[in-house]
Amino acid sequence: MNLHEYQGKEILASFGVRIQRGIVAQNAKEAVEAAKQLTAETGTGWHVIKAQVHAGGRGKGGGVKLAKNLKEVEEIANQIIGMNLITPQTSAEGKKVHQVLVAEDVYYPGESETSEFYMSVVLNRATGKNMIMYSTEGGMDIEEVAESTPHLIFTEEIDPATGLLGFQARKIAFNLGLSGTAFKEMTKFVASLYKAYVESDSNMFEINPVLKTSDDLIMAVDAKVSIDDNALYRRKQYADMRDLREENAIEVEAREVGLNYVDLDGNVGCMVNGAGLAMATMDLIKMAGGEPANFLDVGGTADAKRVEEAFRIILKDPNVKAILINIFGGIVRCDRVAQGVVDAYKNMGDSMKVPIIVRLQGTNAELAKEIIDNSGLAVQSAVQFQEAADKVKAVLA
Ligand code: GDP
Ligand code: MN
């Protein structure tokens, strides 16, 4: 589950990570109030107004702007809230902005230069360890840095059994070229960031930029946080941060009926039991010249009710031209699934507009094929994987 920048910063702050302070606002009036409050608390007269959407690269798309007085706060907030923000990380249509973060300007002049670093904490599945990735090249596209100057990205692996060790935090501060106050600040920053990552059950914490201010403080200016969905049951305070407006509407509905669904760009809807078979089925569709419209794992129960729910979810995607059902009957009997498909199809009435290819293998597969073939519906059966692919190809032609 992805979070907004302001939510990620709230979590960081709760673990003692220094952050660029800010207040979230739903409209220009609230933005002005937020700016006044920040001025009272921090003394800053300048503010950055930051679009809150689940996508990075907001600065490039015009979603992050500096306001030098309250009038500009109002103007910029009016301009950003309601806009369709297009960034390198959104689709071509962009994302609608519902709220902004009004933050203190932390790029003020002072004794020393400001510097922007990159830092993230992620799980390295290959080594089974957590990994801190960091770079002196912060503020910009890290993908670009990785491509053109990969030697400027460092990694530090952390054994979850021992946790982050003191020397590792010092090594990071050293590699970032810091000394004195900034060095000490960075070791504290790294330790608190790592603690936040572990104790919030996150998949990812990405802070770009981490800022060294002109008075040598180290703080998070941005925060991209993703919490492990499987841990949300024990992290109620984070589960409540979910913003459904930011998520794919069909995926949200699918989750409500307990279906494991991921929306994709293609034209062939898939209904499969088991994630592995679903992946193989998507490959099959591609080999047949189609593109999967979704990933859908219906799980262990594939009765009429569930098949119908799955049909309805799949058909919400207007690009779907055919549906391929690929079910392996191990515990669930194929004839029951076949009957479920037939019943669901009938219940759908006129809303079922696309051809269906069903491949059922496993217990009572022959009986299942008979049920499908004798149904009198526009449902084709297939026994072999290749046969299913050929039939998909034929209906797409
Ligand atoms: P992103 O573009 O979605 O990654 O959003 P960020 O939160 O990283 O902000 C984009 C850029 O805005 C940063 O890289 C900074 O250069 C700039 N920025 C952020 N906060 C401030 C600030 O307080 N003052 C100034 N002048 N610039 C800021
Ligand atoms: Mn950023």
Side-chain angles (χ1 to χ4, degrees), residues 2-13 17-25 31 34-35 37-39 41-69 72-73 76-77 79-81 83-91 94-110 113-122 133-146 153 189 193 204-215 217-226 243 246:
N2 294 332
L3 298 180
H4 285 296
E5 173 196 358
Y6 80 92
Q7 297 166 325
K9 281 177 166 173
E10 255 171 46
I11 297 177
L12 286 171
V17 181
R18 190 190 299 283
I19 55 162
Q20 173 195 41
R21 280 193 281 173
I23 298 169
V24 73
Q37 195 181 324
L38 281 172
T39 302
E41 285 173 16
T42 68
T44 180
W46 291 9
H47 301 91
V48 264
I49 315 296
K50 312 180 80 179
Q52 297 299 289
V53 290
H54 287 186
R58 295 163 301 161
K60 280 189 186 153
V64 178
K65 290 201 164 136
L66 183 66
K68 295 183 179 168
N69 53 53
E72 285 183 10
V73 169
I76 295 169
Q79 190 191 326
I80 294 181
I81 296 171
M83 87 185 280
N84 231 22
L85 184 61
I86 301 170
T87 86
Q89 292 183 24
T90 64
S91 65
K95 288 205 115 175
K96 176 127 173 150
V97 182
H98 299 282
Q99 49 192 356
V100 291
L101 180 64
V102 179
E104 56 172 336
D105 170 33
V106 285
Y107 288 61
Y108 46 82
E113 293 285 307
T114 59
S115 324
E116 291 181 320
F117 305 116
Y118 171 91
M119 192 171 293
S120 61
V121 193
V122 289
M133 294 176 67
Y134 61 104
S135 175
T136 49
E137 308 307 292
M140 53 180 97
D141 255 341
I142 197 66
E143 290 81 7
E144 167 102 34
V145 179
I153 298 180
F189 183 92
L193 171 63
M204 181 190 66
F205 256 90
E206 185 184 57
I207 318 294
N208 189 22
V210 172
L211 182 74
K212 183 190 84 67
T213 64
S214 58
D215 40 8
L217 301 178
I218 301 293
M219 64 168 66
V221 167
D222 194 3
K224 205 172 186 184
V225 174
S226 176
D243 185 349
E246 295 294 321

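Just so it is clear, the values below take in all heavy atoms, side chains as well, and ignore hydrogens, waters and symmetry mates. Atoms within each ligand, like the ligands themselves, are counted from 1 in listed order.
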Within the 4.0 Å heavy-atom shell around [X], which atoms of ligand 1 are there?
X    : answer
N208 : 8 (O)
R58  : 1 (P), 2 (O), 3 (O), 5 (O), 6 (P), 7 (O)
G56  : 3 (O)
G57  : 1 (P), 2 (O), 3 (O), 4 (O)
E116 : 14 (O), 15 (C), 16 (O)
P209 : 8 (O), 14 (O)
E104 : 23 (O)
V106 : 22 (C), 23 (O)

Of all the heavy-atom pairs spanning [X] and [Y], show the shortest one and how long it is.
X    : Y    : result
K95  : T90  : CG-CG2, 3.9 Å
Y107 : P209 : OH-CG, 3.5 Å
T44  : E104 : CG2-CB, 3.7 Å
E246 : Q52  : OE2-O, 4.0 Å

To the nearest 0.1 Å, how far is [atom] from its closest protein heavy atom, and which atom is that?
atom                    : result
atom 20 (N) of ligand 1 : Q20 NE2, 3.3 Å
atom 19 (C) of ligand 1 : V221 CG1, 3.5 Å
atom 27 (N) of ligand 1 : Y107 CD1, 3.8 Å
atom 2 (O) of ligand 1  : G59 N, 2.8 Å
atom 7 (O) of ligand 1  : K50 NZ, 2.6 Å
atom 6 (P) of ligand 1  : D222 OD2, 3.4 Å

The Mn ion (ligand 2): protein N, O or S atoms [distance under 2.8 Å]: N208 O, D222 OD2
I'd like to check [X] versus [Y] (side-chain heavy atoms, cut-off strictly below 4.5 Å). Are they in contact?
X    : Y    : answer
V53  : R58  : yes
I11  : F205 : yes
K50  : V221 : yes
R21  : T42  : yes
Y118 : I153 : no

A55 N/O to ligand 1 N/O under 3.5 Å: no
Tell me if a side-chain donor or acceptor on [X] pairs with a main-chain N or O of [Y] at a distance below 3.5 Å.
X    : Y    : answer
N208 : G139 : yes
Q89  : G56  : yes
K212 : F117 : no

Point-to-point distance, once rounded to the nearest 0.5 Å, from CD of E5 to CD of Q7: 10.5 Å
Spatial distance of atom CD1 (I76) from atom NE2 (H47) [nearest 0.5 Å]: 11.5 Å
Winner among V48, V64, T114 once heavy atoms are compared against atom 12 (O) of ligand 1: V64
Which segment of D105 sits under 4.0 Å of ligand 1 when only heavy atoms are counted: both
